[in-house]
Every structure is written in C-alpha cells, then in structure tokens.
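Contents: one structure, followed by commentary.
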Protein chains: 2
Amino acid sequence: MKEIEQRLTENGVRPTAMRILIYKYMAESEVAIALTDIENAFAKADRTTLFRTLKTFEQKGVVHQIDDGTGVQKYALCETGCNCELEQDLHLHFHCNNCNETVCLTEHKIPNINLPEGYVAEDANLVLKGICEKCST
Amino acid sequence: MKEIEQRLTENGVRPTAMRILIYKYMAESEVAIALTDIENAFAKADRTTLFRTLKTFEQKGVVHQIDDGTGVQKYALCETGCNCELEQDLHLHFHCNNCNETVCLTEHKIPNINLPEGYVAEDANLVLKGICEKCST
DNA sequence: AATTGTAGTGCAACGGAAGTGCATTTATTA
DNA sequence: TAATAAATGCACTTCCGTTGCACTACAATT
C-alpha cells in the first residue's frame, strides 16, 4: 500500500484514497482496463472522477493508453522506469477476439519500419488480434 | 465509370447510383475516409445509407476498415486483388498528427512477430503516427 | 404488363463512450 | 484559522455508430 503511495508521489500524483484504490485495482488486473471496468468495480464513485483519474495517471506517466481497435479506450500501468513517449519503449498489445481482453506484451517491442521519404514517425501502435493464451488451451 | 460498375459487380455489390458515387469519391481521395467525410460530401444522402454502403463495401472486400487511433472509423479502397483477410496482405497505415489525415502504405507490410506460447494471431493493426510527407515539407 | 419478392434508401430514435462547466468538498500551507 | 489550491461529484452535451421500421426502386417470374 505504501509502495503505491510512493509510486504516485514520485510521478507527481497526489495519492488520494480513490487514486490508490484505482491503482491497486489496475495492478491486480492482468489485462488492460477500460473506464467502464473501473466504473463497475467502484460503483459508488463518480464516473467523472474515474475518468479524470485515468487522464491524470496517463499524463503523469503512471499508465499508458491502449487503443485495441474495439473503439474503447483502455489503460494499463506502466512498468517502473518505462518511458512511454520514447519509441524504443513502445511495446505491442494483444487483443483476444474470444474473451475480448487486451494484454500488454511488454517484452515485444515494435520493430523498426523504414518509412518512405518525407514521413517522420513519432509514435506507433501495433495490436495483434487473435486467440489469447487462456482461450486457446 | 463503367469500370466502377464492373468492380462492384465483381465483388457482389449491386452498382446503384449512390454506391458508384461513393466509390468514385473514395477513389479520388488519397487518404482514408470517415463516414462524416462522406456525409459532408453528399449532404443530400442519408447517413444511414452511407453507413450501410460502407459496411457492405467492407463485407464484400471493396474497402477495408482502418483504425488509426483517432476513435473514428475510416475506410480506404482495397487494391484490386487484395485479400484483406489474409495476414500477408496486412499493410500499415500512417496517421499525420498535423493534418490529421491517414494514408495506406500498401507497400509496407506488417512484419512478422513471434508471439509467446499459446497466443494465436489472426489479424494485426499497425499505425505509425507522426508527420506526413505533405506536412513535413 | 402485372405481380410478387428482394434489395436499397430514408427517417427517427437509441445507446455507449468521451468530454466539459460549475458547484462542492477535501486537503495544503501561509 | 483563514485563504488557496486540488480533487470530487452532478448534470449535461456531443459525437459517432447502430438499429427498427416504413417506404421505394429494382429484378424476377408468371
């Protein structure tokens, strides 16, 4: 619990009760989390608070946003020391067409692409879709 | 004009006036098109018609859908003979953070990724974001 | 040519998700 | 303790995708 507080403080996020709970919830989950998920998990809290908490987390580098193609924004905790902005830290994500869950494959970085003349890449998003480990066995 | 009719018929899409117009519109555009774009271009037509036209096109392999991370679904014509379902035909897309346009880089296929044990990939989506050719010069 | 059926189109309305403005509460610090 | 800033909650908006139902145009069949 103390570690969470510390982690948040380190990143310039004031560790309020709500934020600690949300962080904890995300830490315990192995998959990417949508706002709706948090909403369901914390029925008492207001959606706006949760929404803004996620935005704050994202801005401060506590979580990174994931666009898995479902049209719903999802989030996952950043690894300690990760620098999501930097290209070399861009890992890929796997979305399961069966259970509809999305996971980070932090070991797998996005390979370098040779772009045509004139194009400058700043960011990249790679999502593989298929059947995940849990569903394929 | 006749070519468009033929192309549609080949793909099992009845070439109605509306559909031909939409196809033509997309053929003349160099960038991926959102429903809203078509809506603006054909103010007289109903959104539903345009929506369903795109869905039909997609289903019949006339266009492919692009998720460029803006949260808006976009579409682009398939190349003749392309098989969007097949993995080897998956090209990547480039989204310009400046002009907000998205283009197909059909020459650039998505590289193969070695997934961890248990994961089976069926599909992939790779979007590079940055500054496009037009905006960088 | 008239009839029947199917595919396409238009209108209206719904629903999910992201986002904003403002009032209120809680925490910080002077 | 007063003054200030940050966090939370409520209400409401907007955008986009989507669906149900009625109507129309087209094609096939008798």
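Below, each value reflects all heavy atoms present in this structure, side chains not excepted, and no hydrogens, waters or symmetry copies. All values reported here derive from a predicted model rather than from experimental measurement. Chain naming here is simple, since letters A, B, ... match the order of the sequence lines and numbering starts at 1 in each.
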Strand contacts (DNA chain D) in residues 26-43 of chain A, 4.0 angstrom heavy-atom criterion: none
Test side chain to side chain donor-acceptor pair (under 3.5 Å) applied to [X] - qualifying residues, sequence neighbours left out:
{"X": "Thr48(B)", "answer": "Asp46(B)"}
{"X": "Glu10(A)", "answer": "Gln6(A)"}
{"X": "Ser29(B)", "answer": "none"}

Can you tell me how far [atom2] of [N] sits from [atom1] of [X], to the nearest Å?
{"X": "Gln59(A)", "N": "dA6(D)", "atom1": "CD", "atom2": "P", "result": "13 Å"}
{"X": "Phe51(B)", "N": "dA12(C)", "atom1": "CZ", "atom2": "C1'", "result": "15 Å"}
{"X": "Gln73(A)", "N": "dG16(C)", "atom1": "CD", "atom2": "C1'", "result": "13 Å"}
{"X": "Lys60(B)", "N": "dG8(C)", "atom1": "NZ", "atom2": "C1'", "result": "13 Å"}

Is the shortest heavy-atom distance from the side chain of Leu8(A) to the side chain of Val62(A) under 4.5 Å?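 The answer is yes, as the side chains (C-beta and beyond) meet within the 4.5 Å cut-off.
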Only counting residues at least two apart or in another chain, list the ones meeting side chain to side chain contact (heavy atoms under 4.5 Å, CB included) with Phe51(A). Leu35(A), Lys55(A)
Answer with base, sugar-phosphate or nothing: what part of the nucleic acid does Lys44(B) contact at a heavy-atom distance below 4.0 Å?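 Nothing, no heavy atom under 4.0 Å.
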Under 4.0 Å, heavy atoms only, any strand: does Arg47(B) hit a base, just the sugar-phosphate, or nothing?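 Base contact - Arg47(B) has a heavy atom under 4.0 Å of at least one base atom.
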Donor-acceptor contacts under 3.5 Å from residues 96-105 of chain B side chains, at least two apart:
unit_1: Asn97(B); atom_1: ND2; unit_2: Glu122(A); atom_2: OE1; d: 3.0
unit_1: Asn100(B); atom_1: OD1; unit_2: His95(B); atom_2: NE2; d: 3.2
unit_1: Glu101(B); atom_1: OE1; unit_2: Lys134(B); atom_2: NZ; d: 2.9
unit_1: Thr102(B); atom_1: OG1; unit_2: Asp68(B); atom_2: OD2; d: 2.6
unit_1: Thr102(B); atom_1: OG1; unit_2: His95(B); atom_2: ND1; d: 2.9

Enumerate the protein-to-nucleotides 21-30 of chain C contacts in which both atoms are nitrogen or oxygen and the separation is below 3.5 Å.
unit_1: dG21(C); atom_1: O6; unit_2: Arg52(A); atom_2: NH2; d: 2.9

Ring pair (Phe, Tyr, Trp, His ring centres under 6.0 Å) against Phe57(B), all qualifying residues, sequence neighbours excluded: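 Per chain and number, Phe57(B) pairs via ring pair (Phe, Tyr, Trp, His ring centres under 6.0 Å) with no residue.
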For residues 13-23 of chain A, please give each side-chain donor-acceptor pair under 3.5 Å, one per line with the distance, not counting sequence neighbours.
unit_1: Thr16(A); atom_1: OG1; unit_2: Arg19(A); atom_2: N; d: 3.3
unit_1: Arg19(A); atom_1: NH1; unit_2: Arg14(A); atom_2: O; d: 2.9
unit_1: Tyr23(A); atom_1: OH; unit_2: Arg7(A); atom_2: NH1; d: 3.3

